[in-house]
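Each remark here refers to the structure printed beneath this line.
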Amino acid sequence: MRWSQTFIPTMKETPAEAEIISHKLLLRAGLVRRLTGGLYTFLPLGLRALRKVENIVREEMNRAGALEVFMPALQPPDIWARSGRLETAKEVLFHVKDRAQKEWVLGPTHEEVITTLVADEFNSYRQLPVNFYQIQTKFRDEIRPRFGLMRAKEFIMKDAYSFDADDESANASYQRMYDAYARIFKRCGLRAIPVQADTGVMGGAHSHEFMVPAETGENEVVYCESGDYAANIEKATSQGPAATTPSDDCGPAEKFETPGVKTIEDLAKSFDVAAERQIKTLIYIAEDKPVIVLLRGDDQLEEAKLGGVLGTATFRTAGDAEIVKVLGAKPGSLGAVGIEGIPVYADEVLRGGSGMVTGANDDDHHLRNVNVERDIVVSEWANLRKVQACELCIETGQPLKIRRAIEVGHVFKLGTKYSEALGATFLDENGKSLPSIMGCYGIGVTRTLQAVIEQCHDESGVIWPTSVAPYEVCITALDVEPESKVMKLANRLYDELQAKGVDVILDDRPARPGIKFKDSELAGFPLRIGIGERSLAKGSVEIKPRVGEMILCSPDEALGQALDWLEANQVG
RNA sequence: CGGAGCGUGGCGCAGUUUGGUAGCGCGCCAGUUUUGGGAACUGGAAGUCGCAGGUUCGAAUCCUGUCGCUCCGACCA
């Protein structure tokens with residue numbers, strides 16, 4: 001491609017809409033333009049990079065034996081009703097109406113569609129296993145789109161769905177996808193770490209997320225430096241908090257006045273009660289009914305864990321008025337001592353706790369000498385606390401670390417939830433009808449593209465890995481007169497590189513050298529071949545990797561040098 | 001949904017407090033001089049100041065409403 005013939009609107013200044021570096025560079029390098037919040041147009045350069053990511057995904061999915069299909073984005077709501085997700089996923093579902101006022105939904109994902117297909121077409125264990133995938137636009141009514149392509153209302157996702165006849169086979173399907181994902185991200189030049197992931201309300205199933213470490217990521221990952229343990233914070237566990245829970249011999253619980261005390265910290269400060277000696281009492285409304293959650297004072301609730309215990313994603317913190325109605329006191333003086341008829345979920349860390357302090361359900365009063373198991377009717381003990389940095393790893397005993405990351409992929413063992421709901425059954429060798437065992441596997445393609453930029457850039461611009469670069473080589477011609485020596489050589493090299501199958505762009509714009517150099521660095525092409533009168537007079541052209549030292553060589557050596565460099569800098 | 005902020009040529013911004021001829025930088029067009037790291041000079045084009053009402057002799061500026069965008073929050077009692 002000749003630069004003058006394409007459209008690469010680079011920008012010296014950063015548009016106000018961008019906050020994080022990758023978003024800024026997407027705009028500045030002329031890769032995308034925003035239509036409105038959460039909706040972007042891919043420009044020629046951005047589209048080329050996107051296609052390269054897609055093709056890597058496609059090649060690896062094919063290599064893993066998955067079959068490419070293409071499903072409708074517009075879907076009938078009844079299949080969503082059948083799986084139950086018309087209700088449980090209603091927040092993210094876009095609804096549209098046709099001219100007859102019939103309702104449709106825009107697919108945020110495609111379990112219902114693919115399972116319907118398999119239910120119709122697959123009847124025998126002899127046809128299994130099978131794994132279908134597609135690369136398609138998804139629609140999600142995100143609560144708040146942000147960071148450019150990172151969280152958008154419309155985005156491109158690769159989603160795959162496996163169907164197996166038995167557990168062993170399903171595990172093999174899962175492992176094949178897991179391995180394919182590792183290869184995909186590696187080939188994209190991304191450092192993506194697989195971590196154990198929360199499985200939400202489905203519970204029990206096996207799941208990993210592929211995380212790209214980044215300060216701007218929206219997820220938190222707990223990991224052990226040994227590499228033996230890594231988990232999403234929603235799922236992570238540890239050997240427990242550093243401080244042990246008090247288990248003092250104590251007399252009966254006793255009420256005392258605590259005027260003005262509203263927080264754990266207040267109580268610690270004013271009454272010298274360490275946070276680990278306190279019981280934190282939270283009130284949630286789960287499917288319209290109140291529940292009490294107990295944690296130790298120095299712990300924080302991990303809501304994903306609560307969701308797993310409650311078995312529903314429909315829950316929220318109670319408002320002050322609701323709290324007063326349930327416990328008769330305002331936040332700051334809440335406790336579960338003597339409470340009956342309301343489910344109490346207590347964190348395991350509180351087990352055996354004695355000599356504890358908690359709210360008395362009477363404003364400005366607390367109880368001391370609380371023995372948790374003696375004084376509180378606990379409906380269910382559970383792991384509800386959020387792991388904190390420096391707690392010890394359950395695998396290695398080493399201190400855990402926490403860092404932010406971008407989720408680029410997710411592999412999930414689904415089980416039979418959808419196959420049962422949508423009738424995807426098959427006959428086994430005994431003639432018995434069984435639901436097939438499913439797995440689903442997603443990669444955020446557009447997000448992966450932006451994650452590459454987030455991870456690969458410097459102050460001058462993007463630094464594309466050769467595998468996903470829109471063009472691998474940029475020939476910068478500093479004299480664009482058609483008959484000039486410079487331009488003739490540039491044209492020759494351009495043709496030769498193309499003939500070798502290299503993606504090359506020739507900057508033939510009649511612009512000043514500074515602009516061309518800055519633009520090629522901003523756009524992030526891995527290799528620049530600089531041809532100018534000055535160096536050509538000395539018999540040399542410049543081979544300049546985006547990162548690394550410039551190599552001078554003769555015009556005749558340039559092609560070989562460039563090819564050698566590309567060969568040596570392949571990714572994955 | 002709650003809170004905060006912002007909407008002024010393509011982009012980045014000033015002007016709004018205190019109403020009185022719509023400005024600056026970048027970019028764009030033309031010309032001259034430049035010519036290896038985002039050139040200089042001269043001359044241009046381009047804006048119903050988000051939109052709709054209202055107040056006023058007069059509104060980018062004040063009032064009301066509305067739309068859009070950005071950020072934070074929607075665990076920690």
Side-chain angles (χ1 to χ4, degrees), chain A residues 9-20 23-24 27-28 30 33-39 91 141 143-148 216 220 233-234 258 261-267 275 278-284 292-307 315-320 322-324 326-327 329-336 347 358-361 363-364 366 384-386 388 460-461 476-481 484 486 507 509-523 528 530-538 540-542 544 550:
Chain A
T10 58
M11 289 188 281
K12 193 151 56 167
E13 289 173 292
T14 307
E17 72 188 66
E19 195 71 15
I20 66 174
H23 188 192
K24 289 176 182 173
L27 295 163
R28 289 226 295 134
R33 282 295 182 265
R34 186 183 62 168
L35 174 62
T36 182
L39 298 174
E91 293 87 2
D141 190 0
I143 187 167
R144 177 146 87 92
R146 63 178 119 186
F147 302 151
T216 52
E220 283 186 291
I233 193 148
E234 295 179 344
T258 52
V261 168
K262 296 285 173 212
T263 64
I264 302 284
E265 207 175 291
D266 290 346
L267 197 57
Q278 302 184 40
I279 303 170
K280 183 184 284 189
T281 307
L282 309 177
I283 312 301
Y284 273 76
I292 296 174
V293 178
L294 301 182
L295 296 161
R296 214 172 69 178
D298 55 338
D299 275 336
Q300 299 181 332
L301 174 67
E302 174 49 63
E303 285 199 341
K305 293 178 179 174
L306 178 61
F315 61 90
R316 59 175 174 83
T317 52
D320 282 10
E322 289 169 311
I323 291 173
V324 171
V326 173
L327 292 182
K330 285 189 279 213
S333 305
L334 305 180
D347 188 84
T358 189
N361 291 333
D363 290 346
D364 295 328
H366 280 74
L384 297 168
R385 65 186 294 274
K386 189 174 273 190
Q388 298 179 28
S460 299
T476 303
L478 297 182
D479 176 355
V480 298
E481 283 306 313
S484 69
V486 167
D507 190 350
R509 295 174 299 169
R512 300 171 63 84
I515 290 175
K516 295 190 168 199
F517 293 143
K518 290 286 187 194
D519 271 354
S520 99
E521 280 154 19
L522 178 57
R528 182 176 78 216
I531 307 173
E533 223 171 331
R534 210 167 76 182
S535 54
L536 203 54
K538 293 182 221 156
S540 60
V541 301
E542 294 156 3
K544 174 68 176 78
M550 183 183 291

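To find a chain, count down the sequence lines: A is the first, B the second, and so on, and within it residues start at 1.
Rounded to whole Å, the P atom of B/C51 lies 47 Å from the corresponding atom of B/U35. Nucleotides B/G20 and B/U56 place their C1' atoms 12 Å apart, quoted to the nearest Å. Annotation: B/G27 and B/U18 have their P atoms spaced 38 Å apart (nearest Å). Nucleotides B/U32 and B/G37, compared at atom C1', are 24 Å apart to the nearest Å. Rounded to whole Å, the separation between the P atoms of B/U55 and B/C13 comes to 35 Å. To the nearest whole angstrom, the two C1' atoms, one in B/C67 and one in B/A52, are 10 Å apart. For the P atoms, the distance linking B/A46 with B/A40 amounts to 24 Å, nearest Å. For the C1' atoms, the distance from B/A4 to B/A30 is 47 Å, rounded to whole Å.
The residue A/F315 sits apart from the nucleic acid: no heavy atom pair falls under 4.0 Å. Within 4.0 Å (heavy atoms only), A/G332 reaches sugar-phosphate atoms of the nucleic acid but no base atom. Nucleic acid contact for A/A16: sugar-phosphate only, since backbone atoms but no base atoms lie under 4.0 Å from a heavy atom of the residue. Within the nucleic acid shown, A/E542 comes within 4.0 Å of at least one base atom, counting heavy atoms only. A/P513 comes within 4.0 angstrom of the backbone, heavy atoms only, and of no base. A/S333 comes within 4.0 angstrom of nothing in the nucleic acid, heavy atoms only. Looking at heavy-atom distances under 4.0 Å, A/A477 makes no contact with the nucleic acid at all. If you check every strand for non-hydrogen atoms under 4.0 Å, A/L306 touches nothing. At a threshold of 4.0 angstrom between heavy atoms, the contacts of A/R528 include nucleobase atoms, whether or not backbone atoms are also involved. Residue A/D519 is classed as a base contact, given a heavy-atom separation below 4.0 Å to a base. Residue A/E521 is classed as a base contact, given a heavy-atom separation below 4.0 Å to a base.
A/R146 has a side-chain polar atom (N or O) that falls below the 4.0 Å cut-off from OP1 or OP2 of B/C72. For A/T263, no side-chain nitrogen or oxygen approaches OP1 or OP2 of B/A77 to under 4.0 Å. Residue A/R144 places at least one side-chain N or O closer than 4.0 Å to OP1 or OP2 of B/C72.
Shown here, B/C6 forms a base pair with B/G68; the pair counts as Watson-Crick or G-U wobble because both key distances fall under 3.5 Å. B/C24: Watson-Crick or G-U partner is B/G12, with both key distances under 3.5 Å. The pairing partner recorded for B/A60 is none, the criterion being a Watson-Crick or G-U wobble arrangement whose two distances lie under 3.5 angstrom.
Side-chain polar atoms of A/T476 and A/D507 form no donor-acceptor pair below 3.5 angstrom.
The CZ-P distance, from A/R512 to B/G36, rounds to 8 Å in whole Å. Rounded to an integer number of Å, the gap from A/R34 CZ to B/C11 P is 10 Å. Here the P atom of nucleotide B/C71 and the CD atom of A/E19 are 6 Å apart, to the nearest Å. In this entry the distance linking CG of A/L384 with C1' of B/C76 reads 14 Å, nearest Å. A/L27 places its CG atom 14 Å from the C1' atom of B/C69, with the value rounded to the nearest Å. B/U34 atom C1' lies 13 Å from atom CD1 of A/I515, rounded to whole Å. A/F517 has its CZ atom 12 Å from the P atom of B/A39, to the nearest Å. Regarding A/L522, its CG atom lies at a distance of 14 Å from the C1' atom of B/G37, rounded to whole Å.
Looking only at distances, no side-chain donor or acceptor of A/K280 sits under 3.5 Å from a matching main-chain atom of A/D298. Counting only distance, with no hydrogens or angles, the side chain of A/K516 and the backbone of A/R509 share a donor-acceptor pair below 3.5 Å.
When all heavy atoms are compared, the tightest approach of A/V486 to A/E533 is CG2-N, 3.5 Å. Across all non-hydrogen atoms, the minimal contact from A/F147 to A/H23 is C-ND1, 3.8 Å. Contact record, A/P145 with A/G38: CB-CA, 3.8 Å, taken as the closest heavy-atom pair.
A residue-by-residue look at A/I323 and A/F147 shows that A/F147 has its nearest nucleotide of RNA chain B further toward the 5' end. Of the two residues contacting RNA chain B, namely A/M550 and A/L282, the nearest-nucleotide position lying further toward the 5' end is that of A/M550.
Using a cut-off of 4.0 Å between Lys/Arg side-chain N and Asp/Glu carboxylate O, A/E521 and A/R528 are scored as salt-bridged. In summary, A/R33 and A/E17 do not engage in a salt bridge, as defined by a charged side-chain N under 4.0 Å from a carboxylate O.
Side chains of A/R28 and A/T14 form a contact here, defined as non-hydrogen atoms less than 4.5 Å apart.
One distance of note links CG of A/D299 with CD of A/Q278; it measures 12.0 Å at 0.5 Å rounding.
Applying the 3.5 Å distance criterion, the base of B/G36 shares a donor-acceptor pair with the side chain of A/S535.
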Pick out the pairs of N or O atoms, protein on one side and nucleotides 23-31 of chain B on the other, that lie under 3.5 Å.
from	atom 1	to	atom 2	distance (Å)
B/G25	N2	A/E13	OE1	2.9

